[in-house]
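To start, the structure under review is shown below, and the notes come after it.
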Amino acid sequence: MTKTIRLLMAFVLLSTPCTHGQEIRQMSMAELFTLANRQNPDIGAADAKIAAARQGEAVAKNALLPQISASLTLSYLGDGTVLDRDFGNAMRDRLPHFSNSLSVELYQPLYTGGAISSGVRLAEKDTEMAINNRTNSVNSIRMAIATNYLELAKHRNLIQVYEENIRLTEKLLAAMKAKHSQGIVLKNDITRYELRRSSLSYDSLATANAIRIFNKNLVSLLGLEAATEIIPDIEADGSLIIAGDANTWIESAVANSPSLKSLDILTGMSSLNRKIAHSEYIPKIGLVAGDNFLGPVTFEVPALNKNYNAWFVGVNVKWNISSLFTTPKSTRKHDLELARIQRDTESVTAEIERRISEAATLYRQSIERLEIERKNVQLAEGNYAVVSNRFNNQLSLLTDMLDASNARLDAGVRLVNAEISTRFYYYQLHYIAGTLSTL
């Protein structure tokens, strides 16, 4: 029946005229994933954040370089006044009025208690977080694509099931109307099938609307033109078989889950922040050097209208004594943050284990259901053929024909749902384990 539905779908697509500007694209799941990597705006934003984080690493490493500063001052120097200690006998001291000052200083940090190296590592952790967030975005976007893609495929198959049953119902109605004219079938029997046709037409309309919704969602996720129509290519996706039991998938989630990786990175960042806070306890040591060029020489009386140059080099030791009182509070804050992250990690791990166990169970159940539904379709097709032949030969009642038709429709719908459910749980397991971004 699956092959028949696909052939009918292809026939409808080829025979339906395209809307102006509309593009029809038949795509597999792998093609959608590849296209999303290039065009999805969320993934593009995540790429931009990675680039910004890498630039942040370069900025953090600047703290390892010498700090060089220069200052140039040109000014008008007024005359000085010389006074006694009791502010008497004021005398005017004429000074050269043009004043210049040029100073150049260099500071090279030698030891900061790990503050600079921890700052660099913190910037690297920011990059790791940005990369992990991109993986999480790809994982989430691909799950959204998979969900809409599979729903689109399911509803495209369903509409073919409904249309086929509408066609058969109309064929049956034509035959019954002919028999009614012969007095063999009652008007009430025809009304019952007209009601069935009306119900099928409504289901077909609802399914067509669902197709438009899921198609629009996919177009938006892929960054395509709004008029694009996507035709799922389930055949190209092949058979999706999951190996390993729930424990294997739990181990994979521990190693790959973006949520757990995010918490691990946060643990590292909090540890580095604690180290930076703790470094306030430790004196900072650095190499200093400089040169001062100034004029006139005002520290002589009378002032000398000359330039004066002096240079220096040495070791600078700086210690923030108040850190003895402020740092313990900062380190305690980071200790509490580390404990919180550890509890969050345990909670998220337990939740992932529950979700994987559930998804693995539902996947195995969907495989078993798929086999059952395939057999049910064969049985329903065979039963419908027998009852239809007997009804045409006036050997069965209308109620028998109605039951057989309903069973055939129900079996077709259930088979479509079973096929899609199996694929959905396959992608869901990869999503929970954090490996969907690697497919």
Side-chain angles (χ1 to χ4, degrees), residues 1-16 152-211 231-232 234-235 239 365-423:
M1 181 178 178
T2 303
K3 291 184 178 179
T4 303
I5 292 174
R6 293 195 185 100
L7 290 173
L8 286 171
M9 185 191 305
F11 174 75
V12 170
L13 289 173
L14 292 173
S15 60
T16 302
L152 181 61
K154 180 177 77 174
H155 283 80
R156 282 193 173 278
N157 285 341
L158 285 177
I159 202 169
Q160 297 304 321
V161 173
Y162 287 132
E163 289 177 356
E164 183 180 358
N165 277 271
I166 289 172
R167 179 181 60 80
L168 293 173
T169 300
E170 289 177 344
K171 180 180 179 181
L172 183 59
L173 271 171
M176 292 177 67
K177 288 178 180 179
K179 292 182 179 181
H180 174 68
S181 62
Q182 300 172 7
I184 300 175
V185 174
L186 298 176
K187 177 65 176 177
N188 183 54
D189 295 331
I190 296 177
T191 302
R192 291 174 64 184
Y193 259 80
E194 287 177 339
L195 289 172
R196 172 176 170 76
R197 180 181 60 184
S198 177
S199 178
L200 287 171
S201 296
Y202 174 79
D203 290 339
S204 178
L205 174 63
T207 302
N209 288 333
I211 288 173
I231 310 299
I234 295 292
E235 288 289 338
S239 299
Q365 177 180 306
S366 68
I367 292 293
E368 296 174 0
R369 176 193 174 191
L370 182 59
E371 293 301 319
I372 293 172
E373 298 301 344
R374 284 171 178 166
K375 293 178 181 178
N376 287 344
V377 166
Q378 293 176 358
L379 294 173
E381 290 282 357
N383 179 64
Y384 182 84
V386 171
V387 174
S388 178
N389 183 60
R390 290 173 59 85
F391 180 79
N392 292 333
N393 293 314
Q394 302 180 14
L395 298 176
S396 63
L397 301 175
L398 177 63
T399 54
D400 296 330
M401 189 64 191
L402 186 62
D403 290 340
S405 179
N406 287 334
R408 183 176 181 273
L409 172 63
D410 183 64
V413 171
R414 289 173 64 88
L415 176 60
V416 169
N417 291 337
E419 289 177 336
I420 297 302
S421 293
T422 301
R423 294 178 179 272

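Numbers for residues simply follow the sequence, beginning at 1. Being a predicted model, the structure only gives us computed values, none of them experimental.
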Original post:
What closest approach, in Å, do Glu381 and Arg408 show between heavy atoms, and which atom pair accounts for it?
Top reply: OE1-NE, 3.3 Å
Subject >> Validation row: Asn157, Val161 side chains within 4.5 angstrom (heavy atoms) >> reply: no
Original post:
Closest heavy-atom contact between Arg374 and Leu415?
Top reply: CG-CD1, 3.6 Å
Original post:
Looking only at heavy atoms, what is the nearest atom pair of Ile420 and Ala153, with distance?
Top reply: CD1-CB, 4.1 Å
Subject >> Non-hydrogen side-chain atoms of Ile372 and Arg414 separated by less than 4.5 Å >> reply: no
**OP:** Might you point out which heavy atoms bring Ile159 and Ala208 nearest each other, and give the distance in Å?
**Re:** CD1-CB, 3.8 Å
Original post:
Hey, what do you get for CG (Leu409) to OH (Tyr384), rounding to the nearest 0.5 Å?
Top reply: 10.5 Å
**OP:** With the side chain counted from C-beta on, respond yes when Glu419 and Ile234 share a heavy-atom pair under 4.5 Å apart, and no when they do not.
**Re:** no
Original post:
Do Glu373 and Val377 pass the side-chain contact (heavy atoms from CB on, under 4.5 Å) test, and can you show the C-alpha distance, the side-chain angles, and the key distance before you say yes or no?
Top reply: CA-CA 6 Å; Glu373 298 301 344; Val377 166; 5.5 Å; no
Subject >> Smallest separation among heavy atoms of Thr169 and Arg196, with atom names >> reply: OG1-NE, 3.8 Å
Original post:
Just by distance, do the side chain of Asn389 and the backbone of Ala385 share a donor-acceptor pair under 3.5 Å?
Top reply: no
**OP:** Mind checking the CD-CZ spacing from Gln160 to Arg156? Nearest 0.5 Å is all I need.
**Re:** 8.5 Å
**OP:** Verify, without hydrogens or angle tests, whether Ser204 (side chain) and Leu200 (backbone) share a donor-acceptor contact under 3.5 angstrom.
**Re:** no
**OP:** To the nearest 0.5 angstrom, please state how far the CD1 atom of Ile166 sits from the OG atom of Ser201.
**Re:** 4.0 Å
Original post:
With distance as the sole test, does Thr207 use its side chain to make a donor-acceptor pair with the main-chain N or O of Asp203 at under 3.5 Å?
Top reply: yes
**OP:** Could you tell me whether the side chain of Ser199 and the main chain of Leu195 form a donor-acceptor pair under 3.5 Å?
**Re:** no
**OP:** Would you name the heavy atoms of Lys154 and Asn417 that are closest together and state the gap between them?
**Re:** CD-OD1, 3.0 Å
